[in-house]
There are 2 protein chains.
Amino acid sequence: MLNDSHLPDPAPLFAALGDRTRLSLLTKLSDGQTRSIAGLSSDAQITRQAVTKHLKVLEDAGLVISTKVGRESHFAFRPEPIKDIRAYLDGVSRQWDDALERLRVFVER
Amino acid sequence: MLNDSHLPDPAPLFAALGDRTRLSLLTKLSDGQTRSIAGLSSDAQITRQAVTKHLKVLEDAGLVISTKVGRESHFAFRPEPIKDIRAYLDGVSRQWDDALERLRVFVER
DNA sequence: ATTTAAAGCAACCAGGAGGTTGCATAATGT
DNA sequence: ACATTATGCAACCTCCTGGTTGCTTTAAAT
């Protein structure tokens with residue numbers, strides 16, 4: 001049995017990624033450049049305040065980090081949680097592959 | 001620039017994974033065994049009807065497939081979408097790594 | 001034939017998510 | 001000094017989500 005009781009719950013992380021706007025913000029930031037809220041809002045269809053809320057969600061999930069620079073908040077991408085969920089998905093895939101392999105061995109005997 | 005305009009929007013897929021109950025259902029099913037709604041509901045803290053709703057979300061996301069067997073609905077894991085989101089995350093990670101590499105080259109010259 | 005078990009369906013409810021407007025505050029630019 | 005820009009904060013609104021209860025239908029078990 002796949003036992004994930006020792007892992008932190010990845011659901012909130014997936015939830016943070018489960019929004020088009022947030023994915024788009026993340027994609028922009030994943031080019032390594034740091035951006036202000038105004039910079040991230042300029043080409044969005046929603047208000048600056050809505051973007052701020054999305055950035056808060058991303059930051060709470062650890063996907064982004066912000067630092068104050070003068071009157072601006074500069075946001076940067078944080079890749080660590082991405083690694084975490086890839087590891088989680090690897091676990092799920094592995095359990096599946098193992099199940100298939102057991103079935104194959106059973107059928108072929 | 002990372003261009004994801006040709007890809008199907010992965011946000012709904014992430015959203016489907018963004019719930020503890022659904023992740024737990026998926027984890028159970030990823031062992032390769034097929035299960036009825038009653039079987040999946042028995043050790044859950046919520047009602048059978050709530051489980052049914054979660055299964056519908058998972059099925060809409062393609063993460064699970066159901067077939068009727070007599071009066072029962074049997075659910076099975078579908079690994080394909082997992083591969084899709086891993087590919088998506090690989091793209092994000094790659095863009096990030098490339099950015100770091102460019103920075104390194106720039107700094108070291 | 002009757003009872004029991006599995007599932008579908010609909011109505012309802014509370015709370016959260018995503019968005020807005022409006023206003024205040026604090027740096028920057030001129 | 002004054003005007004402008006970037007952000008923060010709060011109130012509000014609507015719709016969706018995750019959950020419930022209650023009832024019906026259908027298959028299986030006795």
> Just to verify, what does B:Arg35 make a side chain to side chain donor-acceptor pair (under 3.5 Å) with, not counting sequence neighbours?
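Side chain to side chain donor-acceptor pair (under 3.5 Å) list for B:Arg35, sorted by chain: B:Asp31.
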
> Quick check on the helix from C:dA1-D:dT30 to C:dT30-D:dA1: what's the angle between its two end axes, five base pairs per end, to the nearest 10°?
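That helix has its two terminal axes inclined by roughly 30°.
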
> Counting primed atoms plus P, OP1 and OP2 as sugar-phosphate and everything else as base, spell out the protein contacts along nucleotides 9-21 of chain C at 4.0 Å heavy-atom distance: B, S or - for each nucleotide, 5' to 3'.
B--------SBBB

> Return each pair, listed once, that meets side-chain hydrogen bond (donor to acceptor under 3.5 Å, both in side chains) where at least one residue sits in residues 65-75 of chain B; pairs must be two or more places apart or across chains.
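side-chain hydrogen bond (donor to acceptor under 3.5 Å, both in side chains) check on residues 65-75 of chain B returns B:Glu59-B:Ser66, B:Glu72-B:His74.
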
> Quick one: salt bridge (Lys or Arg N to Asp or Glu O under 4.0 Å) partners of A:Asp84, sequence neighbours excluded?
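Partners of A:Asp84 under the salt bridge (Lys or Arg N to Asp or Glu O under 4.0 Å) test: none.
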
> B:Arg86: which residues meet the side chain to side chain donor-acceptor pair (under 3.5 Å) condition with it, sequence neighbours left out?
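Once residues adjacent in sequence are excluded, the partners of B:Arg86 under the side chain to side chain donor-acceptor pair (under 3.5 Å) criterion are A:Asp90.
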
> Apply salt bridge (Lys or Arg N to Asp or Glu O under 4.0 Å) to A:Asp98 and list each qualifying residue two or more places apart in sequence or on a separate chain.
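Testing A:Asp98 for salt bridge (Lys or Arg N to Asp or Glu O under 4.0 Å), a comparison that skips the adjacent residues, returns none.
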
> Less than 4.0 angstrom from a charged side-chain N to a carboxylate O is my criterion; do A:Arg104 and A:Glu101 meet it?
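The answer is yes: the pair qualifies as a salt bridge.
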
> With rounding to the nearest 0.5 angstrom, report the CG to CD distance, A:Leu100 to A:Gln95.
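That separation rounds to 11.0 Å.
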
> Apply side chain to side chain donor-acceptor pair (under 3.5 Å) to B:Lys56 and list each qualifying residue two or more places apart in sequence or on a separate chain.
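Side chain to side chain donor-acceptor pair (under 3.5 Å) check on B:Lys56 returns B:Asp60.
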
> ring-ring contact (aromatic ring centres under 6.0 Å, His included) with B:Phe77: which residues, sequence neighbours excluded?
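Result, ring-ring contact (aromatic ring centres under 6.0 Å, His included) vs B:Phe77: A:Trp96.
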
> Return the set of residues passing side chain to side chain donor-acceptor pair (under 3.5 Å) with A:Arg102 (not counting sequence neighbours), or none when no residue passes.
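Partners of A:Arg102 under the side chain to side chain donor-acceptor pair (under 3.5 Å) test: none.
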
> Verify the neighbour count for atom CD of A:Gln45: are there more than 12 heavy atoms of other residues, nucleotides or ligands below 6.0 Å?
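No, because the 6.0 Å sphere around CD of A:Gln45 holds 12 heavy atoms or fewer from other groups.
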
> So how far is it from A:Leu26 CG to A:Ile82 CD1, rounded to the nearest 0.5 Å?
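Going from CG on A:Leu26 over to CD1 on A:Ile82, the span is 5.5 Å.
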
> For DNA chain C, which residues of residues 67-75 of chain A approach it to below 4.0 angstrom with any heavy atom?
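Listed by number, they are A:Gly70, A:Arg71.
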
> Going 5' to 3' on DNA chain D, which nucleotide is the first and which the last to come under 4.0 Å of a heavy atom in chain B?
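Span of nucleotides near chain B: D:dG18 to D:dA28.
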
